[in-house]
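This report concerns only the one structure given below.
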Amino acid sequence: MSDPVFLITGASRGIGAATARLAAESGYRLVLVARDQRRLADLATRLGAPDRTLPISCDVTDWEQLGGLVTRVQDTWGRLDVVFANAGASVVTSFLGNHGAPPDQWRDMVLANVYGPALTARAALPALVASGGHLVLTGSAAGRGVRPGSLYSATKWAVTGLAQSIRAECVGTGVRVTLVQPGLVDTGGIPPERSHDPKLDPADIARAVLYAVSQPTTVDVNEILVRPVGQDPHR
C-alpha cells in the first residue's frame with residue numbers, strides 16, 4: 001500500500017486518540033503508541049480497520065523500545081510519513097512547597113515531556129528524512145509564559161526550544177517540524193481549581209495537527225497556538 005503512515009505517541013486517550021480518529025478519516029495508516037496496550041487495542045477496534053492500524057505498547061523514555069518501534073513500522077509498512085510526539089504528563093508543583101505533588105513525582109513528568117519527545121525525534125527522523133516527512137510536537141500555551149511554581153510550564157518551554165533546534169538541524173532535508181501549543185484541553189486530568197475555566201476539546205487540537213500536516217510540502221507551519229475562547233492568557 002502507498003497510503004502514508006502516521007505515528008502518534010500518547011495515542012490511547014485525549015489529543016492522541018482524537019488525532020488518530022481524524023488521521024484515519026483522512027486516509028492515513030496509523031501507528032498507535034502508548035504504554036497501555038489494552039487501551040490501544042480498544043482504540044484500534046473502534047477505528048475499525050485492523051489492516052491499517054498498528055497498536056504498539058512502548059515507553060517513549062526508553063531508547064531501545066523506540067528504536068525497535070520505528071524498525072517494526074518500517075519492516076511492516078516500508079515507510080513513515082508523520083510522527084506526532086504527543087505523549088506527556090502533568091502534575092501540579094510548587095517550589096515553595098505550599099501545594100502540589102511531592103518532588104519524587106516530578107521526575108516522570110520531566111522525562112515524559114522533555115526526554116520522551118527528544119528520543120522520539122532521534123528515533124524517527126532518519127525515516128522522516130527518507131520520506132520527506134513531518135514531525136509534530138505537543139507543546140503548550142504554558143510554554144510561552146511564566147506560570148508560578150509550575151515545573152510543567154518549564155518542561156513545555158523546553159519543548160518549544162526542542163522544536164526550534166530540530167527544525168534548524170533539519171534545514172535542507174525536506175522534513176517539516178510543527179509545534180502545536182494547546183491552551184487548556186479537557187482531557188480528564190484538569191486540576192479542580194481550573195474545572196470551571198474555558199476548555200478545548202481534544203478534537204480541536206487534532207484539527208490543528210491535521211491542518212499542519214495537510215499543507216503542501218513547500219509549506220512548513222512552524223507553530224500553532226490554540227486557546228479556548230475566554231481563557232486567561234496568563235494561565
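All residue numbers refer to positions in the sequence shown, counting from 1.
Between R107 and D104 there is no salt bridge, since none of the side-chain N atoms of the basic residue sits less than 4.0 Å from a carboxylate O of the acidic one. With respect to the salt-bridge test (charged N to carboxylate O, under 4.0 angstrom), the residues R38 and D42 qualify. Contact check on R52 versus D3 returns a salt bridge, with a Lys/Arg side-chain nitrogen under 4.0 Å from an Asp/Glu carboxylate oxygen.
In this structure a side-chain-to-backbone donor-acceptor pair under 3.5 Å is missing from D81 to F6. Proximity of a side-chain donor or acceptor of S131 to a complementary backbone N or O of L80 within less than 3.5 Å is detected. Counting only distance, with no hydrogens or angles, the side chain of Q231 and the backbone of L184 share a donor-acceptor pair below 3.5 Å. A donor-acceptor pair is defined here as one N or O able to donate and one able to accept, closer than 3.5 Å; no such pair exists between the side chain of N86 and the backbone of L137. Under a 3.5 Å cut-off, the side chain of W157 and the backbone N or O of V146 do not form any donor-acceptor pair. Side chain of D204 to main chain of D201: a donor-acceptor pair is present (N/O by atom type, distance under 3.5 Å, no hydrogens or angles). A donor-acceptor pair under 3.5 Å is absent between the side-chain atoms of K156 and the main chain of L151, judged by distance alone. Although no hydrogens or angles enter the test, the distance criterion places a donor-acceptor pair under 3.5 Å between the side chain of R176 and the main chain of V219. Of the possible donor and acceptor atoms, none in the side chain of S165 sits under 3.5 Å from a partner among the backbone N and O of L162.
Aromatic ring centres of W106 and Y152: separated by at least 6.0 Å.
Between the side chains of R144 and Q181, a donor-acceptor pair is found at a separation under 3.5 Å.
Taking CG from L200 and CZ from R207, the interatomic distance works out to 9.5 Å, rounded to the nearest 0.5 Å. With values rounded to the nearest 0.5 angstrom, D232 atom CG is found 8.0 Å from D197 atom CG. Interatomic distance, R13 CZ to D36 CG, rounded to the nearest 0.5 Å: 10.0 Å. Remark: Y28 OH to L22 CG distance equals 10.0 Å, nearest 0.5 Å. For the atom pair CZ (R21) and OG (S26), the distance works out to 13.0 Å, reported to the nearest 0.5 Å. Atom CG of L135 and atom OG1 of T178 lie 8.5 Å apart (nearest 0.5 Å).
The side-chain heavy atoms of P182 and V226, taken from C-beta on, include no pair separated by under 4.5 Å.
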